[in-house]
Amino acid sequence: MNLSALEKLDRRWLFLLMGLLTLIPMFFPLGLAVKPTAPVIAFHDTIAKLPNGARILFAADFDPGSRPEMVPMMKTALRQLFDKRCRVVVTCLWQGGSGIVDETLEAVVAEYRAKGVELVYGRDYVDLGFKAGNEAVMVLMGAGFVSAFPQDQRANATASLPIMREIRDYSTVDLLVNIGAGYPGTKEWVQQVNSRFHLPMVAGCTAVSTPEFYPYLQSGQLKGLLGGMAGAAEYERLRNEKGSATRGMDAQSLAHVFVALCIVAGNVVHRAKPKGGRA
Amino acid sequence: MNVSHDLGIWVAALLTLFVFSFLYKDNPLYKFAEHLFVGVSAGYYIVLNFWTVVMPNLIDPLVRTFTGVDPVTHAKVVQVGGPFAGSIGDYRAWFLIPGILGVLLFVRLIGRGEWLSRWPLAVIIGVYAGLKTTGFAHGDLVAQVQASLQPLWTGDLWTSFNAIVFTVGLVTSLLFFFYSREHKGALGVAARTGIVFLMVSFGAGYGYTVMSRLSLLIGRFQFLIEDWLGIK
């Protein structure tokens with residue numbers, strides 16, 4: 001077999017194949033199995049074990065650049081929390097993220113409204129919006145959420161909101177849920193809040209940063225972990241939802257197989273070359 | 001099929017296609033999208049920085065302090081103990097100091113007095129070094145060392161096997177980075193074993209990176225198909 005043809009293959013053919021493998025399953029879903037893994041089950045079960053009406057700090061640290069991974073897991077987590085009538089305080093430490101975080105939160109609240117369940121802003125949930133300062137804000141929040149966020153996303157004085165009289169600082173929070181796409185994110189919340197204030201924490205992160213957080217899971221610092229779109233899809237599976245993460249998993253699986261085949265083919269071609277021809 | 005009538009979605013969809021066109025070859029449509037993105041991002045973040053960082057964290061508190069009126073609600077603000085009283089929350093005149101330090105950062109743009117910008121930099125570096133060091137010591141060093149000390153035999157075959165693999169991987173990976181002796185003999189064997197574990201971790205990292213990048217591609221395709229073309 002002449003492998004030199006493969007070596008000279010125009011890479012645009014690979015782009016085309018990758019595009020088709022990603023696109024076709026969106027029109028003709030294969031329904032490949034999505035089996036929840038232990039870190040995702042732990043994420044789900046940690047929330048499931050909370051008492052009804054628990055107080056949650058929901059740190060949503062991402063911007064539109066990581067929307068496909070972050071938004072599905074944020075939506076599913078909010079649904080699980082609101083199903084338990086948890087009171088949720090949402091924060092965002094990413095400057096470009098407060099808009100998409102608020103939009104996602106309100107989209108989930110609108111779903112409940114459509115079902116006849118009224119979630120009242122300021123009583124059941126609040127969006128404190130963006131605050132500049134990264135880790136400094138996390139530490140400042142230990143002295144009181146109101147002092148770190150004097151105003152919420154809608155320019156209300158946070159001290160005037162009923163939910164903020166109950167959820168005042170880390171000692172009044174039952175669980176920290178972080179959906180983070182990078183810096184500041186899961187690592188900083190673990191270092192500055194989970195370790196110092198001993199606040200139980202679960203996290204959802206982009207796939208690219210997932211391997212970095214497995215040690216936190218193994219040490220018990222994180223009670224559960226959602227890694228990228230696959231983690232979001234597994235979480236949706238546990239909640240019997242069919243969101244955008246689940247819909248994207250067929251394409252994800254096919255594309256991964258294709259990348260693996262390309263790596264194998266690249267190595268075969270490289271090995272088959274005469275030694276003198278190698279770089 | 002229910003094609004969107006939203007102008008914003010059309011702009012986003014066309015710009016997405018312009019960017020994808022680079023995969024065929026560089027072209028003016030891609031260049032247009034690229035330059036537009038850079039320009040709009042720069043402008044957007046400058047405005048965002050002003051309204052979400054400078055205004056609420058510096059200008060508003062100072063206006064509240066020195067005028068006695070809240071610039072957002074226009075309500076009178078009761079100030080007990082004068083503008084420098086620490087007990088009155090976020091409207092403290094002490095914000096003058098970080099304000100001046102912030103202005104000093106821009107002295108770098110002027111030739112003379114460039115050294116003045118080192119003061120705010122020293123404050124920034126000092127604060128973040130302190131926060132990072134204590135955070136790392138709490139969250140990583142102590143907790144991770146503690147979690148690494150696990151019993152090799154737990155009574156359960158599978159968890160014991162995991163613990164042994166973990167410990168061998170940890171020790172041999174650390175030994176790979178021990179360069180004070182040549183990697184020969186037992187140290188060489190351990191270092192080579194460490195490489196295997198490192199390679200596995202790099203492979204996992206690569207796989208997860210591919211997943212992340214594909215998720216972005218899938219997200220764009222979902223946007224084009226569902227939001228733009230309206231195919232559900």
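Excluded from the calculations below are hydrogen atoms, water molecules and symmetry mates; all remaining heavy atoms, backbone and side chain alike, are included. Chain letters run A, B, ... following the sequence lines, proteins first, then strands; residues in each count from 1.
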- If one checks every heavy atom of A/A260 against chain B at 4.5 Å, the contacting part turns out to be neither

- Who wins among A/G129, A/P68, A/A207, A/A255 for the most heavy-atom pairs under 4.5 Å with chain B? A/A207

- Message: For A/F15, I'd like to know if atom CZ has over 12 heavy atoms of other residues, nucleotides or ligands within 6.0 Å.
- Response: yes

- Item | Spacing of A/E69 atom CD and B/L216 atom CG [to the nearest 0.5 Å] | 6.0 Å

- Using non-hydrogen atoms and a 4.5 Å limit, figure out which bit of A/S244 sits close to chain B: side chain, backbone, both or neither. both

- Kindly compute the distance separating OG1 (B/T52) from CD (A/Q153), expressed to the nearest 0.5 Å. 10.0 Å

- A/R247 versus chain B, the contacting section by heavy-atom distance below 4.5 Å: both

- Task: With a 4.5 angstrom heavy-atom cut-off, could you sort out which part of A/A230 is near chain B: side chain, backbone, both or neither?
- Result: both

- Do the non-hydrogen side-chain atoms of A/K187 and B/D140 ever get within less than 4.5 Å of each other? yes

- Message: What I'd like to find out is whether the side chain of A/F130 reaches to under 4.5 Å of the side chain of B/L48, using heavy atoms alone.
- Response: no

- Has B/F66 got more than 12 heavy atoms of other residues, nucleotides or ligands less than 6.0 Å from its CZ? yes

- More than 12 heavy atoms of other groups within 6.0 Å of A/W13 CH2: no

- With a 4.5 angstrom heavy-atom cut-off, could you sort out which part of B/I231 is near chain A: side chain, backbone, both or neither? side chain

- Positions in residues 21-30 of chain A that reach chain B, provided some heavy atom is under 4.5 Å away: A/T22, A/L23, A/M26, A/F27

- Task: Below 4.5 Å from any heavy atom of chain B, which atoms of A/N134 appear? Answer side chain, backbone, both or neither.
- Result: both

- Considering only heavy atoms, which portion of B/F166 lies under 4.5 Å from any heavy atom of chain A: side chain, backbone, both, or neither? side chain

- Message: Which one wins on heavy-atom pair count under 4.5 Å against chain A: B/L131, B/T209, B/V127?
- Response: B/L131

- Grab the two heavy atoms, one from B/V53 and one from A/A132, that are nearest each other, plus how far apart they are. CG2-CB, 3.7 Å

- Which answer fits A/E212, side chain, backbone, both or neither, if we ask what part of it has an atom under 4.5 Å from a heavy atom of chain B? neither

- Task: Measure across B/G139 and A/Y216 and return the closest heavy-atom pair with its distance rounded to 0.1 Å.
- Result: O-CE2, 3.8 Å

- Does the side chain of B/Y24 come within less than 4.5 Å of A/L16's, by heavy atoms? no

- Query: Under 4.5 Å between any side-chain heavy atoms of A/I263 and B/Y206, yes or no?
  - Reply: yes

- Message: Counting only heavy atoms not in A/Y183 (residues, nucleotides, ligands), do more than 12 fall under 6.0 Å from its OH?
- Response: yes

- Message: Heavy-atom cut-off 4.5 Å, strictly under: side chain, backbone, both or neither for B/Y128 against chain A?
- Response: side chain

- Query: Can you tell me if CG on B/L157 sees more than 12 non-hydrogen neighbours from other groups inside 6.0 Å?
  - Reply: no

- Message: Side chains of B/Q146 and A/S219 only: does a donor on one sit below 3.5 Å from an acceptor on the other?
- Response: no

- Considering only heavy atoms, which portion of A/Q221 lies under 4.5 Å from any heavy atom of chain B: side chain, backbone, both, or neither? side chain

- Message: Could you check whether any side-chain heavy atom of A/Q192 comes within less than 4.5 Å of a side-chain heavy atom of B/K132, counting everything from C-beta outward?
- Response: no

- Query: How many angstroms lie between atom CG of A/D250 and atom CD1 of B/I218, to the nearest 0.5 angstrom?
  - Reply: 9.5 Å

- Note on the structure: Looking only at B/M211, B/H138, B/R220, the option with the highest number of non-hydrogen pairs under 4.5 Å against chain A is B/M211

- Task: Walk me through it: do B/T134 and A/Q191 pass the test side chain to side chain contact (heavy atoms under 4.5 Å, CB included)?
- Result: CA-CA 8 Å; B/T134 49; A/Q191 289 181 342; over 6 Å; no

- Item | Least distance between heavy atoms, B/S212 atom then A/T206 atom | OG-CB, 3.9 Å

- Query: So do A/V208 and B/Y208 actually touch side chain to side chain, heavy atoms under 4.5 Å?
  - Reply: no

- Task: Applying side chain to side chain contact (heavy atoms under 4.5 Å, CB included), run through A/M18 and B/L214 and close with a yes or a no.
- Result: CA-CA 10 Å; A/M18 176 63 89; B/L214 281 172; 3.9 Å; yes

- Note on the structure: When rounded to the nearest 0.5 Å, the distance separating CZ of A/R67 from OG of B/S215 is 14.5 Å

- Task: Give the minimum heavy-atom separation between B/G205 and A/P211, together with the two atoms involved.
- Result: CA-CG, 4.0 Å

- Message: Can you confirm whether the side chains of A/Q218 and B/Q144 place a donor and an acceptor under 3.5 Å from each other?
- Response: no

